[in-house]
Amino acid sequence: MHWSKLYIPTLRENPANAEAVSHRLLLRAGYIRQLTSGIYSYLPLAQRVLLKITEIVRTEMNRIGGQEFLLPALNPAEVWKESGRWEVMGENMFRLKDRKGADLCLGMTHEEIFTAIARDEIRSYKQLPQIWYQIQTKFRDEARPKSGVLRVREFIMKDSYSFNIDWEGLDAAFEAHREAYCRIYKRCGLEFAIVEASSGAMGGSKSSEFMVYSDAGEDWIASCPDCGYAANVEKATSRIPKIEDEEGPNSPEEFPTPGVRTIEDLTKFPGGAPAQSQIKTLVYVLDGKPALVLMRGDHQLNDTKLADATGAVNIRPGHAEEIKDLLGALPGSLGAVGVENILIVADNALRGRKNMTTGANRDDFHLRGVDIDRDIAVKKWAELRNVASGEGCPECDSTLRVDKAIEIGHIFKLGTKYSESMGAKVLTAEGKEVPIIMGSYGIGVGRIMASAIELYNDSDGIIWPASIAPFEVVVTPANFSDVAQREAAEKLYNELKESGIDVLLDDRDERPGVKFKDADLIGISYRVTVGKKLKDGKVELFTRKTKQSRDVLLADAVSEVKAELSAALTNI
RNA sequence: CGGGGAGUAGCGCAGCCUGGUUAGCGCGCCUGCCUUGGGAGCAGGAGGCCGGAGGUUCGAAUCCUCUCUCCCCGACCA
């Protein structure tokens, strides 16, 4: 490929409106352009990267017996109604009507469609197991697209689904995917972590996420440096010191707390209490029904944990008016003492606590001396608390840390959620009809691209892992008007191409500085500069990652490049 | 959905507060000369419905009202 013929619209200046590093560099290096919020056009360089990634994904999926499909992105409402997700997906689903007025949607994921195929076609255990996958565009109407290609409304995803007759088969398919994913990310050159995750709206028993640690991420991961425990904070637990309370009064005592609205206020108020001796009362609406959520004063509720613990799908904090109607007081003076007929969910950290302080459900009044077991009708105890850095690892004596990460893959043991709701059943060897046991496995292709940039960049631009770089090598004649340099560069370019290397020739009549800057910016792994040393039969081999260059004989250039590349590709 | 910011040339921005001939600057782009090892130089040139609609005014990029879009923080999010 000749640079002069390729559309690579690099920008000299940093684009406005691009905060995340990957967003800024993808725009500046001419990989993407935004069409509208959360929707991007992928220019030729990006398409080359995406194709390299999907090719790696494809070979590894095929290796575990996956069979590639291509399913419709445009789906009829019926299938989604069968699984119940037409409602569950809410506003995140793009919906439309056809000319006859029938409801359609754009697929957010494809459990329903693949399950429908399995239901219609698979009758016998003899046809199982199956692993089916596709690499296809998904649509989600995100409330807030952000960070360039990291959180978008239209994106490419590899999604696969396993179908088994028994749970052992699911375990095997899950494990096969786990291993395939490790190979995929490793081959893409990413450093990644596998963490325990919440299954959320997908349903199912167990799920693991594949994460790249990065400040550009939106997930928080708790991990233990000693034993290797790692979990999304939506799932993570931790050890915290037990608190021994002094005995309090025989019944709660109400006391005035004018102006006190927050936990913090009450810690400073004369006669108040330290945060860890307060009960924080939150009003949530769970699938339309109000509930009180009780946390220790210094702890934060994790919404996903609340949803998982209660089985609720749609959860939101209550509005001030709802709360006033419900409890008779405004936030700042809420409590659960004496509350009946409302679901009360409490965090495990409050178990057995006594002599606590909480709101009195009367504005500007609190209660002290509250004994949870005695005074509050807790219906459900659960792990609801956000773990924090510095708390104890749940699996060893060490200490947890919490870091930000980008989710690049997620694998689920679905079980029979979809096969049961949609009637995908097969006959066993004994002639019994049973639901197919399913797994679901996703990889965000665009996120792999963006994560690689977040991980590997410097002030000059992108530093691609060679395996997913749009080109492995660029041949740069310092002065293309110089006949000797031009001819040597073209010859070298042809030789590299013939030996199967992905090579670009910078045939532009630009000054060398421009070509070097552009090559660095777009992140090509190696550059061979054909310049003034040509008269000694030498060219320079420049490594983007290290910015080191060394002279090699022109005659040896092809083999030197090959050696560098194969070293780079096996080291990752 | 709440809070904040921004829409002026392909990109990055100034001008707006305090209305007034032809709306500027840098980069990029085109032509020519010159130059060729880290985004050169000189000369000439093209390119704007100042996001949209309505209003105030003799006169609006500038003031007022409405509206659309984008970005950031939060809420939200397999």
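Protein chains get the first letters and strands the later ones, always in sequence-line order, with residue 1 at the start of each.
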- Task: Could you please name the partner base of B:rC42, counting Watson-Crick and G-U wobble pairs only when both distances are under 3.5 Å?
- Result: B:rG32
- Do the two ring centres, one from A:Phe114 and one from A:Phe69, sit under 6.0 Å apart? yes
- Item | Shortest side-chain distance from A:Ala16, nucleotide among B:rC72, B:rU69, B:rG12 | B:rG12
- Task: In whole angstrom, give me the gap between the C1' atoms of B:rG3 and B:rG12.
- Result: 27 Å
- Distance between the P atoms of B:rG26 and B:rA9, in whole angstroms? 16 Å
- Query: Angle class for the A:His410/A:Phe412 ring planes (parallel below 30°, perpendicular above 60°, tilted otherwise)?
  - Reply: parallel
- Query: A:Thr476 near the nucleic acid: base, sugar-phosphate alone, or nothing, with a heavy-atom cut-off under 4.0 Å?
  - Reply: nothing
- Message: By the 4.0 Å heavy-atom rule, please label A:Lys146 as base, sugar-phosphate, or nothing.
- Response: sugar-phosphate
- Item | Length of the CD1-P vector between A:Ile39 and B:rU69, whole Å | 13 Å
- Item | Length of the line joining A:Asn17:CG and B:rA6:P, which is rounded to integer Å | 12 Å
- Task: Tell me which nucleotide among B:rC73, B:rC70, B:rU36 gets nearest to the side chain of A:Ser37.
- Result: B:rC70
- Task: Under 4.0 Å between any heavy atoms, over every strand shown, what does A:Arg144 touch: base, sugar-phosphate, or nothing? Just pick one.
- Result: base
- Of A:Ala18 and A:Ser549, the one whose closest nucleotide on RNA chain B sits nearer the 5' end is A:Ser549
- Message: Over all strands shown, is A:Phe542 touching base, sugar-phosphate only, or nothing at heavy-atom distances under 4.0 angstrom?
- Response: base
- On RNA chain B, more 5' by nearest nucleotide between A:Glu19 and A:Gly531 is A:Gly531
- Task: Searching all strands shown, indicate the nucleotide that pairs with B:rC17 (Watson-Crick or G-U wobble; both distances under 3.5 Å).
- Result: none
- Message: Which nucleotide wins on minimum distance to the side chain of A:Glu540, given the candidates B:rA75, B:rG39, B:rG37?
- Response: B:rG37
- Message: Base, sugar-phosphate or nothing for A:Arg527? Non-hydrogen atoms, less than 4.0 Å.
- Response: base
- Strand partner of B:rC63, provided both Watson-Crick or wobble distances fall under 3.5 Å: B:rG55
- Query: Mind checking the C1' distance from B:rC63 to B:rC73? Whole angstroms is fine.
  - Reply: 31 Å
- Item | P gap between B:rC16 and B:rC64, integer Å | 14 Å
- Touch check for A:Asn479, heavy atoms < 4.0 angstrom, all strands: base, sugar-phosphate only, or nothing? base
- Message: Work out how far the C1' atom of B:rU22 is from that of B:rA6, and round it to whole angstrom.
- Response: 28 Å
- Below 4.0 angstrom, N of the basic side chain to O of the carboxylate: do A:Arg140 and A:Glu91 qualify? no
- Task: Report the distance from atom CD of A:Gln47 to atom CD1 of A:Ile32, rounding to the nearest 0.5 Å.
- Result: 13.5 Å
- Query: Between CG of A:Asp303 and OG of A:Ser198, what distance do you get to the nearest 0.5 Å?
  - Reply: 11.5 Å
- Message: Using a heavy-atom cut-off of 4.0 Å across all strands, would you classify A:Asp518 as base, sugar-phosphate, or nothing?
- Response: base
- Query: Side chain of A:Ala478: nearest nucleotide among B:rG37, B:rU36, B:rC27?
  - Reply: B:rG37
Please set out all donor-acceptor pairs under 3.5 angstrom arising from side-chain atoms of residues 34-44 of chain A, sequence neighbours excluded.
{"unit_1": "A:Gln34", "atom_1": "NE2", "unit_2": "A:Tyr40", "atom_2": "OH", "d": "3.2"}
{"unit_1": "A:Tyr40", "atom_1": "OH", "unit_2": "A:His23", "atom_2": "NE2", "d": "3.2"}

- Closest of B:rU36, B:rG74, B:rC71 to the A:Pro512 side chain is B:rU36
- Message: Please give the distance between the P atoms of B:rC11 and B:rG28 as a whole number of Å.
- Response: 15 Å
- Query: Any side-chain N or O of A:Arg511 under 4.0 Å from OP1/OP2 of B:rA40?
  - Reply: yes
- Is a donor-acceptor pair below 3.5 Å formed from side chain A:Asp520 to base B:rG38, judging by atom type as modelled? yes
- Taking only the side-chain nitrogens and oxygens of A:Arg12, find out if one of them lies under 4.0 Å from OP1 or OP2 of B:rG28. yes
- Task: Ignoring the backbone of A:Gln34, work out which of B:rG39, B:rC70, B:rG38 is nearest its side chain.
- Result: B:rC70
- Short side-chain to backbone donor-acceptor contact, A:Lys404 and A:Ala216, under 3.5 Å: no
- Message: If I pick the C1' atom on B:rG2 and the same atom on B:rU62, what distance separates them, to the nearest angstrom?
- Response: 31 Å
- Message: Partner lookup for B:rC11, please. Criteria are Watson-Crick or G-U wobble with both distances under 3.5 angstrom; report none if nothing qualifies.
- Response: B:rG26
- Item | Candidate nucleotides B:rA78, B:rC71, B:rG12, ranked by approach to the side chain of A:Glu13 - the nearest | B:rG12
- Any strand is fair game: report the nucleotide pairing with B:rG74 by Watson-Crick or G-U wobble, both distances under 3.5 Å, or none. B:rC1
- When we call it a touch if two heavy atoms are under 4.0 Å apart, what does A:Glu91 touch: a base, just sugar-phosphate, or nothing? nothing
- Query: B:rG10 and B:rC30: how far apart are their C1' atoms, nearest whole angstrom?
  - Reply: 14 Å
